[in-house]
Engineer: 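Below are the structure tokens for one structure; questions will follow.
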Amino acid sequence: MPDGAVGAELLVGRRERSSTIALVVNGIERDLSWPLSDGDQIEFVDSSTERGRAILRHSTSHVLAQAVTDLFPGAKFAIGPPIQDGFYYDFDLPDGRHFEPEDLVRIEARMREIMKEGQSFVREELSSEEGKRLFAEQPYKVEIIERVERSDIEEDDVNEVGQDEGGVSVYRNSSGFVDLCRGPHVPTTSVLGHFQLMRTAGAYWRGDERNPQLQRIYGTAWESKDALKQHLLRLAEAERRDHRRLGVELDLFHFPPEIGSGLPVFHPKGALVRYLMEEFSRQSHLKAGYQLAWTPHVAKSTLFEISGHLGWYRDGMFPAMELEGAAYYMKPMNCPMHILIYKSQARSYRDLPLRLFEFGTVYRYERSGALHGLARVRGLTQDDSHIFCPPERLAEEIASLLHFVLSLLRAFGLNEFEAELATRPEKSVGEDAEWELATDALRRALDRSGIPYVVAEGEGAFYAPKIDVHLTDAIGRRWQVSTLQVDLQLPQRFDMSFNDASNAKTRPYMIHRALFGSVERFMAILIEHYAGAFPDWLSPVQVKILPVKEEVAEYGSKLADRLRAGGCRVEISEANEPLGARIRRAKMEKIPYILVVGEDDVANGTVGVNRRGADHPDRDVPIDRFEAELLKTCATPVLDLGHS
RNA sequence: GCCCGAGUAGCUCAGCCGGUAGAGCAGCUCAUUCGUAAUGAGCAGGUCAGGGGUUCGAGUCCCCUCUCGGGCUCCA
């Protein structure tokens with residue numbers, strides 16, 4: 001290649017040509033038109049890789065900005081980065097205008113025109129002075145350039161400006177549209193096209209709620225028609241699994257407006273699922289050496305003053321109730337009350353570790369816009385535990401705790417985990433040595449557990465480092481569930497102690513830990529993970545018996561009695577509507593076993609078994625054999641308590 | 001909390017330019033008694049989220065409140 005040749009020339013005659021949209025030159029992403037020098041290290045960026053898609057999406061967001069400025073003269077544009085599955089762009093429309101749903105249709109049509117025109121993206125580098133002149137009418141762009149001048153670039157800005165040059169770079173389209181941008185971009189708008197605008201939203205400038213709110217448009221964009229289609233199918237699948245929809249369809253819970261936002265009631269089937277989840281958890285805790293605790297829902301201000309909650313967390317609490325001269329608060333956490341149980345007697349090292357466990361319902365004032373089905377509520381039940389142990393036991397305790405957490409999650413059929421180790425934030429309290437000891441104990445526990453983890457520097461609570469466990473559900477979404485925190489503050493605030501083996505008064509370490517996180521939220525995750533088809537042991541109804549006609553009803557009810565005696569949850573659907581209709585109804589209820597019994601079965605002591613998910617029913621199964629199968633699949637899982 | 005959108009029967013939704021509310025499913029009744037995803041007929045079901053306003057007249061237009069949805073912010 002001659003010196004000064006451009007990237008695109010490398011591709012002539014190569015198979016990668018059609019899907020390569022950019023280059024990586026010496027480790028930096030560049031346009032295909034980037035001039036190359038002898039000795040440059042080159043990689044091709046394919047549009048179907050995450051890197052390629054990001055470029056594609058970023059270019060699509062430019063086209064969006066161009067379309068909006070075409071259709072809304074005077075619109076100011078702010079930033080428009082690629083994001084997971086798509087892109088967005090933030091605008092400030094003249095006269096405080098807002099986008100309406102019909103606007104998206106017009107904008108999308110204009111974008112398709114721009115793409116059809118095949119406008120090229122041409123890079124140009126300017127001094128920041130030139131940049132500010134060019135964007136004189138674009139205050140948000142000027143603000144970004146000024147940040148570049150002060151070297152005060154935030155993560156949000158890196159798509160907008162090149163960090164590696166002294167000035168700024170811009171991209172011009174052949175139509176004259178120009179945007180501040182680091183690049184790279186696809187060579188022309190004709191490369192784009194597999195996109196869809198999704199929704200509009202308000203978004204604060206620079207993500208700060210004190211700043212004015214801009215109008216954001218979200219879109220999705222992909223390298224091919226098929227990839228776009230697959231993405232839209234995934235969205236439809238997520239909608240089908242939405243726990244709020246399934247909660248109504250399966251008659252599990254609802255949110256009565258008369259009670260208030262974020263305060264669910266559980267109907268019999270939902271309450272049963274909850275009971276099963278909680279009971280399994282409770283039994284597991286007892287087997288693992290926990291002791292139960294039970295504490296009230298309200299407490300005097302004194303308690304939360306000592307704990308510090310009223311100091312740091314007042315805004316997140318329900319306001320006070322005045323009673324006999326004292327202020328009472330709904331508890332936002334259970335820990336202070338568990339500490340009082342600890343403190344009810346003088347503790348010896350022989351009592352430790354003391355592991356207290358409670359399904360504690362707490363109340364938190366979540367802002368109305370933050371509420372989301374069962375996943376974000378104002379009254380939630382934590383499967384909360386506080387473990388008090390001597391300093392030297394900390395590492396061992398955390399390791400076995402993490403093992404317990406993962407075993408329990410696995411028992412619910414969840415297998416894909418990733419943890420985050422959140423370390424000391426800048427604003428925090430406590431001694432360095434304590435932080436180090438606690439963080440180190442967490443890190444060693446993670447190493448032993450074998451699950452992948454990342455270190456989130458400075459993401460810890462101000463009083464403690466923590467491990468957060470995330471899981472990936474059946475359709476690849478991540479949820480944060482368990483949290484495990486070493487508390488360096490509360491033992492001091494409550495002046496907790498125990499007598500060690502040499503009779504010295506010693507401060508215990510305290511571990512907070514919730515495993516489901518909240519029962520409500522965990523149920524939401526299970527509903528979505530299983531698309532409402534709970535594992536047999538959690539299904540509110542495990543077996544539905546359908547007598548073909550009334551004459552065999554008695555056989556059906558005897559069968560029901562027998563299966564119930566074995567501990568299974570069985571319903572009968574009488575023959576007052578056609579069999580097909582009853583099958584359909586039971587299928588929609590996602591019942592694991594539908595049993596059809598008719599004359600043949602009465603004669604032979606058999607059942608027709610229609611298993612959830614099976615293509616065909618299984619006729620003439622002897623009752624004994626079915627019962628054995630049922631008892632096996634409906635059994636509560638056995639927790640692996642093997643100590644690591 | 002903020003921006004946008006929505007709220008009509010238990011559920012899903014229709015209801016045009018303002019003229020007094022409609023379907024399917026679910027429910028109830030009767031008939032049907034059936035072998036693996038919808039039997040038929042009939043009946044009942046509504047303060048059109050709530051309040052205020054404009055109008056001869058409001059589900060429809062305007063204002064306020066509540067609730068929900070999508071985002072932003074927040075999640076100690």
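What you are looking at is a predicted structure, and each value in this text was computed from that prediction instead of being measured. Letters A, B, ... are given to chains in the order of the sequence lines, protein chains preceding strands, and every chain is numbered from 1.
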Engineer: Charged N to carboxylate O under 4.0 angstrom, Asp600(A) versus Arg619(A)?
Structural biologist: yes

Engineer: Starting from the 5' end of RNA chain B, give me the residue, Gly369(A) or Tyr218(A), whose nearest nucleotide shows up first.
Structural biologist: Gly369(A)

Engineer: Give me the distance, rounded to whole Å, that separates U55(B) from G69(B) when you measure between the C1' atoms they each carry.
Structural biologist: 33 Å

Engineer: Looking just at side-chain N and O atoms, do Tyr140(A) and Asp92(A) make a donor-acceptor pair shorter than 3.5 Å?
Structural biologist: yes

Engineer: Quick one: the dot-bracket string of RNA chain B, using Watson-Crick and G-U wobble pairs with both distances under 3.5 Å, [ ] for crossing pairs and | for bases paired to another strand.
Structural biologist: (((((((..((((.....[..)))).(((((.......))))).....(((((..]....))))))))))))....

Engineer: Base, sugar-phosphate or nothing for Ala203(A)? Non-hydrogen atoms, less than 4.0 Å.
Structural biologist: sugar-phosphate

Engineer: Would Glu237(A) and Arg240(A) pass as an ion pair if we require N to O under 4.0 Å?
Structural biologist: yes

Engineer: C1' atom, G15(B) versus G22(B): distance in rounded Å?
Structural biologist: 7 Å

Engineer: Between Leu252(A) (CG) and C11(B) (C1'), how many Å, whole number?
Structural biologist: 15 Å

Engineer: Can you tell me, in whole Å, how much space there is between the P of C28(B) and that of C66(B)?
Structural biologist: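 38 Å, rounded to whole Å.
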
Engineer: Output the rounded distance in Å from OH (Tyr204(A)) to P (G71(B)).
Structural biologist: 15 Å

Engineer: Which heavy atom of Leu246(A) sits nearest to which heavy atom of Gly532(A), and what is that distance?
Structural biologist: CD1-N, 3.7 Å

Engineer: Tell whether Arg376(A) reaches the base of C74(B) with its side chain through a donor-acceptor pair below 3.5 angstrom.
Structural biologist: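 It does, because a donor-acceptor pair links the side chain of Arg376(A) to the base of C74(B) below 3.5 Å.
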
Engineer: Send over the distance from Leu235(A) CG to G70(B) P, rounded to a whole Å.
Structural biologist: 12 Å

Engineer: So, Asp103(A) and Arg110(A), do they make that salt bridge, N to O below 4.0 Å?
Structural biologist: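 Salt bridge: no.
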
Engineer: In whole angstrom, give me the gap between the P atoms of G10(B) and C2(B).
Structural biologist: 31 Å

Engineer: C17(B) and C74(B): how far apart are their C1' atoms, nearest whole angstrom?
Structural biologist: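 Result for the C1' pair: 45 Å, nearest Å.
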
Engineer: Between Arg582(A) and Val548(A), what is the shortest heavy-atom contact and its length?
Structural biologist: NH2-O, 3.6 Å

Engineer: Return the minimal non-hydrogen interatomic distance between Val298(A) and Met337(A), and the atom names on each side.
Structural biologist: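 It is O-CE, 3.7 Å.
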
Engineer: Between Glu209(A) and Arg367(A) (salt bridge meaning N to carboxylate O under 4.0 Å), is one present in this structure?
Structural biologist: yes

Engineer: Base, backbone or nothing for each nucleotide of nucleotides 63-69 of chain B, written B, S, -, heavy atoms under 4.0 angstrom, 5' to 3'?
Structural biologist: ----SSS

Engineer: For Glu629(A), is the CD atom crowded, meaning more than 12 foreign heavy atoms sit under 6.0 Å from it?
Structural biologist: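 Atom CD in Glu629(A) is crowded, with more than 12 foreign heavy atoms closer than 6.0 Å.
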
Engineer: Give the B/S/- string for nucleotides 26-36 of chain B, one per nucleotide from 5' to 3', where a protein heavy atom under 4.0 Å of the base yields B, of only the sugar-phosphate yields S, and otherwise -.
Structural biologist: SS----BBBBB

Engineer: Tell me whether the OP1 or OP2 atom of C4(B) has a side-chain N or O from His98(A) closer than 4.0 Å.
Structural biologist: yes

Engineer: Which part of the nucleic acid, if any, lies within contact of Ala370(A), taking any heavy atom under 4.0 Å across all strands shown: a base, the sugar-phosphate backbone alone, or nothing?
Structural biologist: base

Engineer: In whole angstrom, give me the gap between the P atoms of G59(B) and U39(B).
Structural biologist: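 One P to the other, the span is 38 Å.
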
Engineer: If you measure from the C1' atom in C61(B) to the same atom in C48(B), how many Å do you get, rounded?
Structural biologist: 15 Å

Engineer: Suppose you measure atom P in G46(B) against the same atom in C34(B); what distance do you get, rounded to whole Å?
Structural biologist: 38 Å

Engineer: Which whole-number value in Å describes the distance from Arg210(A) CZ to C3(B) C1'?
Structural biologist: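 After rounding, the reported distance stands at 18 Å.
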
Engineer: Taking only Lys NZ, Arg NE, NH1 and NH2, and the carboxylate oxygens of Asp or Glu, determine whether Arg378(A) and Glu366(A) approach each other closer than 4.0 Å.
Structural biologist: no

Engineer: Can you tell me the distance, in whole Å, between the CD atom of Glu100(A) and the P atom of G5(B)?
Structural biologist: 6 Å

Engineer: May I ask you to establish whether Arg210(A) and Trp205(A) are in a cation-pi arrangement, using a distance under 6.0 Å from NZ or CZ to the six-membered ring centre and at most 45° from the ring axis?
Structural biologist: no

Engineer: State yes or no: are the ring centers of Tyr218(A) and Tyr88(A) separated by less than 6.0 Å?
Structural biologist: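 Between Tyr218(A) and Tyr88(A), the centre distance is under 6.0 Å.
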
Engineer: To the nearest angstrom, how far is Leu214(A) atom CG from U73(B) atom P?
Structural biologist: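 Checked: the CG to P distance equals 12 Å.
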
Engineer: Since syn is defined as within 90° of 0, does C17(B) count as syn or as anti?
Structural biologist: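 Syn, which is what one calls it when the glycosidic angle falls within 90° of 0.
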
Engineer: Is the base of C2(B) touched by the side chain of Gln213(A) through a donor-acceptor pair closer than 3.5 angstrom?
Structural biologist: yes

Engineer: Measure NE2/His254(A) against P/G7(B) and give the value in whole Å, please.
Structural biologist: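 Checked: the NE2 to P distance equals 20 Å.
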
Engineer: Say you draw a straight line from OG1 of Thr295(A) to NE2 of His297(A); how long is it, rounded to the nearest 0.5 Å?
Structural biologist: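 Thr295(A) atom OG1 to His297(A) atom NE2 measures 7.5 Å (nearest 0.5 Å).
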
Engineer: Could you check how far CZ of Arg216(A) sits from C1' of U73(B), rounded to whole Å?
Structural biologist: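 My rounded result for the distance is 11 Å.
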
